[in-house]
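Whatever order the structure lists them in is the order used to number ligands and atoms, beginning at 1.
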Amino acid sequence: MAQAELHIDLGALAANWRALDAMTDVETAATVKANGYGLGAGRVADALAKAGARRFFVAVAEEGVAVRAAIGPDLPIHVYGGHMAGDAGVIRDAGLIPMLNSVEQLTRHFEALPGHPFGIQLDSGMNRLGMEPDEWASVAEIALAQAPALIMSHLACADEPDHPMNTQQLATFRELTDGAGVPRSLSATGGVLLGRDYHFDLTRPGIGLYGGLPFAEAQAVVRLSIPVIQTRIVQAGESVGYGNSFVADRDLRVATIAAGYADGIQRALSRRATLWAGDTPCPLLGRVSMDLLTIDVSAVDGPVAALDLIGPHQGVDALADVIGTIGYEMLTGLGQRYKRVYSE
Ligand SMILES: *Cc1c(COP(=O)(O)O)cnc(C)c1O
């Protein structure tokens with residue numbers, strides 16, 4: 001191994017989709033934005049289509065192009081960001097369904113691509129994307145006359161099942177859409193776990209497919225294995241890395257491995273992360289460099305070829321937790337320099 005390897009278990013990905021699908025009586029789509037949460041949108045979408053996903057969601061139109069190439073011409077791909085100025089060509093050519101977020105987008109879409117499929121995104125309280133209730137009231141009749149493919153909204157607090165915001169948004173979404181006669185979607189991963197009231201006609205999980213919280217029962221999808229470039233003995237009193245921020249208090253065997261903050265291993269992990277040589281925990285020493293990490297492998301007997309930063313002993317959420325972030329950020333931040341190795 002010359003390059004750090006990101007192992008992606010497509011079998012676990014498919015199993016997670018099936019497990020989330022089994023929790024509902026409705027269609028389960030798949031959110032594959034941000035390059036399939038960093039894992040490779042094409043491979044991920046293809047594997048999910050084979051598992052049974054019949055509908056995909058991306059954040060921006062350009063992301064839809066790669067997904068379209070992977071899944072072929074037939075399955076719908078929706079764009080959360082809607083119809084942005086200048087996107088008409090991409091939306092038409094890749095056959096994307098923009099989720100229109102405002103009257104401005106609705107007007108743009110109807111003018112640029114009359115008759116082209118679209119959906120509607122409503123704001124049920126998160127105040128991030130979607131038409132406000134009064135805005136929707138002003139255009140609902142015109143929009144519904146054009147038969148939207150889907151009406152959706154998004155929950156702000158679905159990862160906290162007891163949060164009162166959930167029932168509040170549910171009530172608002174119902175008020176805005178009851179009787180519309182159009183398929184509806186409210187739930188991402190968190191909403192799937194909230195139960196049937198939240199499922200409507202379609203769910204659109206992302207993070208749970210990739211093995212992340214709040215889907216605690218998810219199978220792990222990712223293992224990140226980083227090769228050792230060299231090892232050395234660091235004697236008591238010597239320092240390691242930039243800023244001399246680590247000083248050995250005893251003789252240590254230190255491995256220098258080939259990944260760093262340019263690969264999404266945030267500098268905030270300096271002196272805090274643990275890597276694994278098989279079952280042996282090995283602390284990160286000193287600062288994270290751009291392309292390198294220095295690891296105490298004194299506890300390992302014999303040669304060390306590679307260390308795992310993400311794996312069976314430490315999932316993406318556990319690693320994220322070390323620096324107070326979330327699995328979503330950890331996964332999507334993993335850079336382009338890894339060799340992505342897919343297994344079925
Ligand atoms: C990202 C996103 C999803 C998927 O969310 P997860 O929490 O990853 O399941 C669903 N809907 C919208 C609007 C999103 O932005």
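Using a 4.0 angstrom heavy-atom cutoff, Y37 counts as in contact with ligand 1.
Taking 4.0 Å as the cut-off between side-chain N and carboxylate O, R55 and E27 count as a salt-bridged pair. Contact check on R108 versus D87 returns no salt bridge, with no Lys/Arg side-chain nitrogen under 4.0 Å from an Asp/Glu carboxylate oxygen. Between R253 and D296, none of the side-chain N atoms (NZ, or NE/NH1/NH2) sits under 4.0 Å from a carboxylate O, so this pair counts as no salt bridge. Contact check on D308 versus R223 returns a salt bridge, with a Lys/Arg side-chain nitrogen under 4.0 Å from an Asp/Glu carboxylate oxygen. A salt bridge links R184 and D178; the closest N-O separation between the charged side-chain nitrogens and carboxylate oxygens is under 4.0 Å.
Environment of OH in Y242: sparse, with no more than 12 heavy atoms of neighbouring residues, nucleotides or ligands closer than 6.0 Å. Counting heavy atoms of neighbouring residues, nucleotides and ligands inside a 6.0 Å radius, atom CD of Q3 exceeds 12 of them.
The single protein non-hydrogen atom nearest to atom 11 (N) of ligand 1 is R204 NE, 2.9 Å, given as residue, atom name and distance. Among protein heavy atoms, atom 7 (O) of ligand 1 sits closest to Y328 OH, 2.6 Å. Distance from atom 5 (O) of ligand 1 to its nearest protein heavy atom, with residue and atom name: A188 CB, 3.2 Å.
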Worked check of side chain to side chain contact (heavy atoms under 4.5 Å, CB included) between L13 and Q219: CA-CA 8 Å; L13 176 84; Q219 292 188 23; over 6 Å; no

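Each of the following atoms of ligand 1 lies closer than 4.0 Å to a heavy atom of T31: 3 (C), 4 (C), 10 (C). The M152 neighbourhood of ligand 1 comprises atoms 13 (C), with distances under 4.0 Å to a heavy atom of that residue.
No part of F57 comes within 4.0 Å of ligand 1, judged by heavy-atom distances. Under 4.0 angstrom from ligand 1, the non-hydrogen atoms of T189 come from both its backbone and its side chain. Only the side chain of R128 comes within 4.0 Å of ligand 1, judged by heavy-atom distances.
Inclusion of Y80 in the set of residues having an N or O under 3.5 Å from an N or O of ligand 1 is warranted. Remark: ligand 1 and Q121 share no N or O pair separated by less than 3.5 Å (distance only, no angle test). Any N or O atom pair closer than 3.5 Å counts here, and P205 shares no such pair with ligand 1. Checking only distances, I207 does come within under 3.5 Å of ligand 1, N or O to N or O.
Side-chain N or O atoms of Q146 include none that pairs as donor or acceptor with a backbone N or O of G115 at under 3.5 Å.
Compare K33, H154, M126 by their heavy atoms: the one nearest to atom 1 (C) of ligand 1 is in K33.
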